[in-house]
Amino acid sequence: VIDIRKLHAQSGLFTYDPGFLSTASNNSSITFIDGDEGILLYRGYPIEQLALHCDFIDVCYLLLQGELPMPEQKSEFDHAIKNHSMLHEQLVRFYSGFRRDAHPMAVMVGVVGALSAFYHDALNISDPVHREQSAFRLIAKLPTITAMAYKYNIGQPFVYPQNHLSYAENFLHMMFSVPTEKYEANPVIVRALDRILILHADHEQNASTSTVRLAGSSGANPFACVSAGISCLWGPAHGGANEACLRMLEEIGDVSRIDEFIQRAKNKEDNYRLMGFGHRVYKNMDPRAKLMRETCHEVLNELGLHNDRLFKLALQLEKIALEDDYFISRKLYPNVDFYSGIVQRALGIPTSMFTAIFAMARTVGWVAQWSEMVSDPDYKIGRPRQLYTGPVMRDIPISFSQK
Ligand code: ACO
């Protein structure tokens, strides 16, 4: 009998690293993270400086091109993106095929994937012009697709993009304008959304980005790859955490019940986790969480929501978790999702849209990473190995072989 496990062991160097805790899958010059020090850099620039001095379009340019844009470059880039913000009318009709109560992420997986059925003109991934064209289309269309998923959900007519507005402002317009009333954007709210987009734009080889790279490594087109990224992001351990976090706050309901939930999180039999706490890479406060916490206070002050029940509860939970030994010893700090959920709620964005907005922000990171990979002449199809744990080779039972 041949022991297949032995064969594996004999076939050269083999590492077993579930969850890829210590395995790098690629080189990248886009994003740097030092989780112990709480450092995040996009193309070498600290996230704190980018959040303070740049807008999302600057950051998109930076992630894609490697440098911050000069004013003329920015205006050309912005124009090129806006040129693609509309959806093909046939694609708009797609929405009516979904149930009204479908989760926006489910709709986005479908609609983004379907873009590849519309843009055959730019599916040659070895052509840099085609790659750039697809990148622009994805970055431009994601806000339109996301806002339409929301409008469809609530039964309102779609609102088309307006190209004189900024990226964040245009998204708010498509989400909240109605035929009888144009949405008047408060600059504090626009800035808060822009910051959410900047902070979520890229995060090196997280699960969804690795999914995009793995899908793209077979030569699949970028629309299909980004659709795969959206699917991965949806999970509650990843992008779905901000939605799960808000639902957790609703479930806790009142400050008096926090202790009960902290005890549940500590109880290993329960398998319960406090959503919005902990991070695979940051074992210090996530720098994005610090910035989002700042924005959270700014927005709640501006909107006079400091006495909001869930916000007070969130602040109390944050305080207890930061003082509790269980959380301190495991380095479980509130993460960016903890605060971004609260900010988005204050902005009037429904919980079911939180992860969709994360996907909209992360699209530029996915596309930049995909493009970096396929421009590398030495890239290979991703093909992880496994440790086989099934039966050794055996003959099928006689009763079957005599049939
Ligand atoms: N609540 C309670 N305990 C937790 C939590 C939590 N949120 N997160 C981790 N722990 C505990 C684990 O039970 C484990 O305890 P043990 O050592 O006693 O067994 C220890 O902390 C280490 O946990 P791991 O699962 O090994 O940590 P890992 O790095 O694999 O997980 C993750 C990171 C998935 C983010 C985890 O902390 C988690 O599930 N958090 C809640 C979901 C969340 O907020 N996700 C958002 C991530 S950020 C983003 O996607 C932008």
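Quantities reported herein were computed from a predicted structural model and do not represent experimental measurements. For ligands, and for the atoms within them, numbers begin at 1 and follow the listed sequence.
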- [ ] Answer whether the closest heavy-atom distance between the side chains of Asn153 and Arg100 falls below 4.5 Å.
- [x] no

TODO: Would you check if Phe327 and Tyr333 make a side-chain contact, meaning some heavy-atom pair closer than 4.5 Å?
DONE: no

Task: From Ser340 atom OG to Arg195 atom CZ, the distance as rounded to the nearest 0.5 Å - done: 13.0 Å

Which N or O atoms of ligand 1 sit under 3.5 Å from a protein N or O, and how far apart is each pair?
residue	atom	partner	partner atom	Å
ligand 1	1 (N)	Leu274	N	3.0
ligand 1	3 (N)	Tyr326	OH	2.9
ligand 1	7 (N)	Leu274	O	2.7
ligand 1	7 (N)	Phe277	O	3.0
ligand 1	13 (O)	Lys268	NZ	2.8
ligand 1	15 (O)	Lys268	NZ	3.0
ligand 1	15 (O)	Arg330	NE	3.3
ligand 1	18 (O)	Lys268	NZ	3.1
ligand 1	18 (O)	Arg330	NE	3.1
ligand 1	18 (O)	Arg330	NH2	3.0
ligand 1	25 (O)	Arg273	NH1	3.1
ligand 1	25 (O)	Arg273	NH2	2.8
ligand 1	29 (O)	Arg280	NE	3.2
ligand 1	29 (O)	Lys283	NZ	3.4
ligand 1	30 (O)	Arg280	NE	3.2
ligand 1	30 (O)	Arg280	NH2	2.9
ligand 1	39 (O)	Arg273	NH1	3.0
ligand 1	40 (N)	Phe277	O	2.9
ligand 1	44 (O)	Gly276	N	2.9
ligand 1	44 (O)	Asn335	ND2	2.9
ligand 1	45 (N)	Ala237	O	3.4
ligand 1	50 (O)	His238	O	3.3
ligand 1	50 (O)	His238	ND1	3.3

- [ ] Fit a plane to each ring of His103 and Trp234, take the angle between them on a 0 to 90° scale, and name the class: parallel (under 30°), tilted (30 to 60°) or perpendicular (over 60°).
- [x] tilted

- [ ] Hey, can you tell me if His84 and Phe136 have their rings parallel, tilted or perpendicular (30° and 60° cut-offs)?
- [x] tilted

Open item on the list: Show me the pairs that pass side-chain hydrogen bond (donor to acceptor under 3.5 Å, both in side chains) and involve residues 36-50, at least two apart or across chains.
Closed with: Ser29-Arg43

